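Quick notes on the structure that follows.
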Amino acid sequence: MSVEFEVKAISQARYEQIVAEARGVAEQLTQAHAQFTIGDRALEIEPMGPPGRPVSDTAARVEQSLTRLAKDIGLPVTTVELARWTASRWPADRRRKAESFAVHQVLAGIEDDAERFAAIDDLPGGKTHWTVDDARRRVASQATTLAPPEEKDTATQPPAQNRRPPV
């Protein structure tokens, strides 16, 4: 668990119970499940094809379908598009419940599937969970290593921050 320290009001065992319970509540606060559900349903309506290419016959059709879904559920289309893209990068069995949707979204910027799936399990610096800043640093370090110099400025930003996800 975490580093031992003295908690005067309660026992260490009770403290660990509280931490476990609070983590469960914190997971609910992230709403990762809800955002992944929206993404999964958008993928069901408009599956992704080869990287960056939808299965549907035209990008316009995809945009129309996602716009309709967004309107019908009361969300901005960009939220639905981003949830769909993020869900496409994280199959259900590869998602980490303890991590927020935002962390999954940032780490989704890692192109290689195997590297992306390994990255989420490789917690930074002995931490018990990822922060969005840690995920951004992880993606930035990969982009800095792999991107040509002229591409580094945009490559270090998660896809959601520098452009809309592919339709």
Side-chain angles (χ1 to χ4, degrees), residues 1-5 15-16 18-44 46-55 62 66 70 75-167:
M1 172 146 246
S2 61
V3 175
E4 293 279 328
F5 66 94
Y15 175 80
E16 290 174 9
I18 289 170
V19 168
E21 179 184 4
R23 277 190 184 145
V25 173
E27 286 177 29
Q28 294 171 10
L29 290 175
T30 66
Q31 300 177 352
H33 177 73
Q35 290 170 300
F36 272 122
T37 298
I38 290 166
D40 290 338
R41 296 307 161 257
L43 277 171
E44 189 175 341
E46 289 293 345
M48 300 291 282
R53 297 210 169 250
V55 172
V62 172
L66 297 180
L75 291 174
V77 69
T78 54
T79 299
V80 172
E81 289 171 339
L82 183 57
R84 174 177 167 262
W85 178 78
T86 303
S88 78
R89 307 287 286 162
W90 291 103
D93 64 333
R94 297 298 190 147
R95 297 170 189 168
R96 197 176 151 121
K97 282 185 172 183
E99 305 304 341
S100 70
F101 184 82
V103 165
H104 283 86
Q105 173 188 324
V106 172
L107 293 176
I110 299 172
E111 284 299 318
D112 182 71
D113 289 348
E115 184 177 350
R116 182 173 57 257
F117 301 148
I120 201 159
D121 291 326
D122 184 20
L123 296 170
K127 294 184 177 181
T128 59
H129 67 91
W130 282 90
T131 65
V132 172
D133 286 341
D134 289 331
R136 286 181 180 147
R137 280 190 288 277
R138 171 63 175 82
V139 172
S141 70
Q142 181 218 21
T144 301
T145 303
L146 300 177
E150 65 276 3
E151 294 179 15
K152 286 183 184 176
D153 289 338
T154 59
T156 59
Q157 298 298 316
Q161 294 189 358
N162 65 0
R163 64 182 183 278
R164 287 174 70 176
V167 289

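When a residue number appears, it is its place in the shown sequence, counting from 1. These numbers come from a predicted model, not from an experiment.
Contact detail for Leu75 and Val80: the closest heavy-atom pair is CB-CG2, 4.3 Å. In plain terms, the two heavy atoms of Trp85 and Gly109 that are nearest each other are CH2-N, 4.0 Å. Closest heavy-atom contact between Ala119 and Ile110: CB-CD1, 3.8 Å. Between Gly39 and Ala87, the closest heavy-atom pair is C-CB, 3.7 Å.
Legend: residues meeting side chain to side chain donor-acceptor pair (under 3.5 Å) with Asp93, ordered by chain and number and at least two apart, are absent.
Put simply, the side chain of Arg95 gets close to the backbone of Trp90: a donor and an acceptor are under 3.5 Å apart. Judged by distance alone, with hydrogens and angles left aside, the side-chain atoms of Glu99 form a donor-acceptor pair with the main-chain N or O of Trp130 at under 3.5 Å.
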Worked verdict on Arg136 versus Val132 for side chain to side chain contact (heavy atoms under 4.5 Å, CB included): CA-CA 6 Å; Arg136 286 181 180 147; Val132 172; 3.5 Å; yes

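For the side-chain contact (heavy atoms from CB on, under 4.5 Å) test with His104, the passing option among Arg116, Arg96, Gln35 is Arg96; the others fail.
Considering only heavy atoms from C-beta on, Glu44 stays 4.5 Å or farther from Arg84 through its side chain.
To the nearest 0.5 angstrom, Leu66 atom CG is 11.0 Å from Thr78 atom OG1. The line from CD1 of Ile38 to CG of Leu82 is 11.0 Å long, rounded to the nearest 0.5 Å. We find the CG-OG1 distance between Leu107 and Thr86 to be 10.5 Å, quoted to the nearest 0.5 Å. A distance of 4.5 Å separates CZ in Arg138 from CD in Glu115, rounded to the nearest 0.5 Å.
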